[in-house]
Number of protein chains: 2
Amino acid sequence: MATTLTEENYLKAIYHISHTYGDVVSTNAIAEKVDAKASSVTDMLKKLADKQLLDYIKYKGASLTEKGRKTAIDIIRKHRLWEVFLVEKLKFSWDEVHEVAEQLEHIKSPKLTKELDAFLGFPKHDPHGDPIPNADGYIHRTNKIMLSHAEVGKTYTCVGVIDSSSEFLKYLDKHHIGIGTKLVVVEKEAFDQSMLIKIASKTVAMSKAITTNIYIKEQ
Amino acid sequence: MATTLTEENYLKAIYHISHTYGDVVSTNAIAEKVDAKASSVTDMLKKLADKQLLDYIKYKGASLTEKGRKTAIDIIRKHRLWEVFLVEKLKFSWDEVHEVAEQLEHIKSPKLTKELDAFLGFPKHDPHGDPIPNADGYIHRTNKIMLSHAEVGKTYTCVGVIDSSSEFLKYLDKHHIGIGTKLVVVEKEAFDQSMLIKIASKTVAMSKAITTNIYIKEQ
DNA sequence: TTATATTTTTAGACTAATCTAAAAATATAA
DNA sequence: TTATATTTTTAGATTAGTCTAAAAATATAA
Ligand SMILES: [Mn+2]
Ligand SMILES: [Mn+2]
Ligand SMILES: [Mn+2]
Ligand SMILES: [Mn+2]
């Protein structure tokens, strides 16, 4: 049974929520993510359960079945491949790609996905540092930490962002921070958990709202 | 007002019909093209007329307004650009691209269209020889004729196809006919209008059903 | 020019996805 | 452990797009 665009968006939302907050996902959490009312979500959960894409227990919540998880990952794979295409081939900047990828991820053609992947040289990460699932749905996760958990004096490499809104990405651009940028932790302020970060030669003060949205790895 | 995918498909259908059969298009002609019942078409014509995308007179037919024509051409432009992308960059063959382009043509992002066009080197024709409208909606039409109207003894170049179904394109592949192939008219059979065509060193007999679906130009 | 055939529209119903308002279930707190 | 708050579901509507069946308009043919 073919999935509709809307169903795919629900599955993706549920996948992302369960990844952060655990397997069973609440109606309200989904409603917030897909920007719909809880009553609409209830209807959709029944439909997705009928299609064996998730298990749903009234008043308890929903959890993706293997079939549902596979479907969600396929959409995410396409989303991230298209983002790479837009940045690498079409001169989009990393803050412009999400909206378009949100549309392109729903194009149905296994050959297209396969050939796009090959054309891009089988990229491992999207422009925001998120891993690209392979054709079998396997996601290679590297051990990254949040900048907020970094230690003073050490040097790190930026490997990803959590918030990939245009506003946040433009903030990073302004301070010349991108995937691969070296960051040195100069100081941590105990009072508000803000940090002083040295990028190239400049030192920037970053609030907790910033440092909890940047992924880094050591060295 | 944003157009839906369905509206765009109707506009495209009406554009193509009016291009062949004249400005005013009948409900039944549209119904056949979009594979829907006449009653559904009537409903849609009312909606498109409300949106000023076409003029509609009950029982008389519909004709695109300038706004509707522009919208249709933009979809056709995207369709053909994507077809070029699939063939030139992703190793699709010319008989595999239409279905996918049918989906991709509805992606809404002016920047995407613009950058894709540039990435492809501003192509003038799609893989089936159809002209690609420019960003302003201008379509450069070259003077091409049907193979069925060719003269015996003359040499022509294949510049396009009318039927771009997979079956027909595979027939052409089998006989090594593509855009740019030289064709020599050896003989015309008056009885059934079939033709003997020399391609490279081989001579092939083609029925009228074939020769009325191939566009050529002299030389 | 009247009868018949064809085309087109209307009427009413269906599905997918959504909403608001009210009811029911569950969680929390006195 | 009973009352209150929160979450979730149900009931009933709405919109887009579609359908079938019937009615109305137009075209064709005797
Ligand atoms: Mn994205
Ligand atoms: Mn999406
Ligand atoms: Mn096509
Ligand atoms: Mn289409």
Side-chain angles (χ1 to χ4, degrees), chain A residues 1-14 17-18 20-64 68 71-72 75 102-103 105-106 108, chain B residues 1-14 17-18 20-64 68 71-72 75 102-103 105-106 108:
Chain A
M1 222 183 302
T3 48
T4 67
L5 182 148
T6 312
E7 287 170 352
E8 289 177 353
N9 282 340
Y10 271 85
L11 291 174
K12 203 174 57 145
I14 296 165
I17 297 165
S18 61
T20 324
Y21 299 103
D23 242 40
V24 178
V25 175
S26 76
T27 302
N28 267 356
I30 300 167
E32 194 190 3
K33 195 88 169 185
V34 301
D35 193 30
K37 301 290 154 158
S39 55
S40 307
V41 174
T42 301
D43 284 349
M44 183 56 87
L45 291 180
K46 286 176 187 168
K47 188 150 65 115
L48 294 172
D50 280 349
K51 288 194 171 188
Q52 328 246 38
L53 291 162
L54 49 78
D55 297 311
Y56 167 57
I57 302 169
K58 252 200 203 182
Y59 293 106
K60 294 287 174 186
S63 61
L64 295 178
T71 307
I75 307 300
E102 209 52 47
Q103 298 177 59
E105 70 187 6
H106 301 288
K108 286 169 175 61
Chain B
M1 221 183 303
T3 49
T4 67
L5 182 147
T6 311
E7 288 169 353
E8 289 178 353
N9 282 340
Y10 272 86
L11 291 174
K12 202 173 57 143
I14 295 165
I17 297 165
S18 61
T20 324
Y21 300 103
D23 242 39
V24 178
V25 175
S26 75
T27 302
N28 266 357
I30 300 167
E32 194 190 3
K33 195 90 168 182
V34 301
D35 193 30
K37 300 292 154 157
S39 56
S40 308
V41 174
T42 300
D43 285 349
M44 183 57 86
L45 291 181
K46 286 175 186 168
K47 187 149 65 112
L48 294 172
D50 279 350
K51 288 194 169 187
Q52 329 245 41
L53 291 162
L54 49 79
D55 296 312
Y56 167 58
I57 302 170
K58 252 199 203 183
Y59 293 106
K60 294 287 175 187
S63 60
L64 294 179
T71 307
I75 306 300
E102 209 52 47
Q103 298 177 58
E105 70 187 5
H106 302 288
K108 285 168 176 59

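Residue numbers begin at 1 in each chain, while the letters A, B, ... track the order of the sequences.
The OH-C1' distance, from A:Y10 to C:dA16, rounds to 11 Å in whole Å. One can place CD1 of B:I30 at 13 Å from P of D:dT18, the figure rounded to the nearest angstrom. Between the NZ atom of A:K37 and the C1' atom of D:dT14 there is a distance of 15 Å, rounded to whole Å. Rounding to whole angstrom units, CG of residue B:D50 and P of D:dT15 are separated by 14 Å. Taking atom CG of A:D43 as the reference point, atom C1' of D:dT14 lies 14 Å away to the nearest angstrom.
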- request: Please lay out, stage by stage, how A:E105 and A:N9 fare under the test side chain to side chain contact (heavy atoms under 4.5 Å, CB included).
  value: CA-CA 10 Å; A:E105 70 187 6; A:N9 282 340; 3.3 Å; yes
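In this structure, the side chains of A:L11 and A:I75 stay at 4.5 Å or more apart for every pair of heavy atoms.
Nearest heavy atom pair, residue B:E7 against residue B:M44, reads CG-SD, 3.9 Å. Annotation for B:E8 and B:T3: closest pair OE2-OG1, 2.9 Å, computed over non-hydrogen atoms. Heavy atoms only, all atoms of each residue included: A:V24 and A:K60 are closest at CG1-O, 3.7 Å.
Helical stems involving DNA chain C, defined as 3 or more consecutive Watson-Crick or G-U pairs under 3.5 Å, span C:1-30 with D:1-30.
Screening A:L54, A:V34, A:L45 for a side chain to side chain contact (heavy atoms under 4.5 Å, CB included) involving A:Y10 leaves a single residue, A:V34. Of the residues listed (B:N28, B:V41, B:I17, B:V25), the one engaging B:K33 in a side chain to side chain contact (heavy atoms under 4.5 Å, CB included) is B:I17, and it is the only one. Applying side chain to side chain contact (heavy atoms under 4.5 Å, CB included) to A:Y56 and the options A:T42, A:L48, A:D50 leaves one that passes, A:T42.
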field: Heavy-atom protein contacts under 4.0 Å, nucleotides 3-9 of chain C, coded B base, S sugar-phosphate only, - none
entry: ----SBB
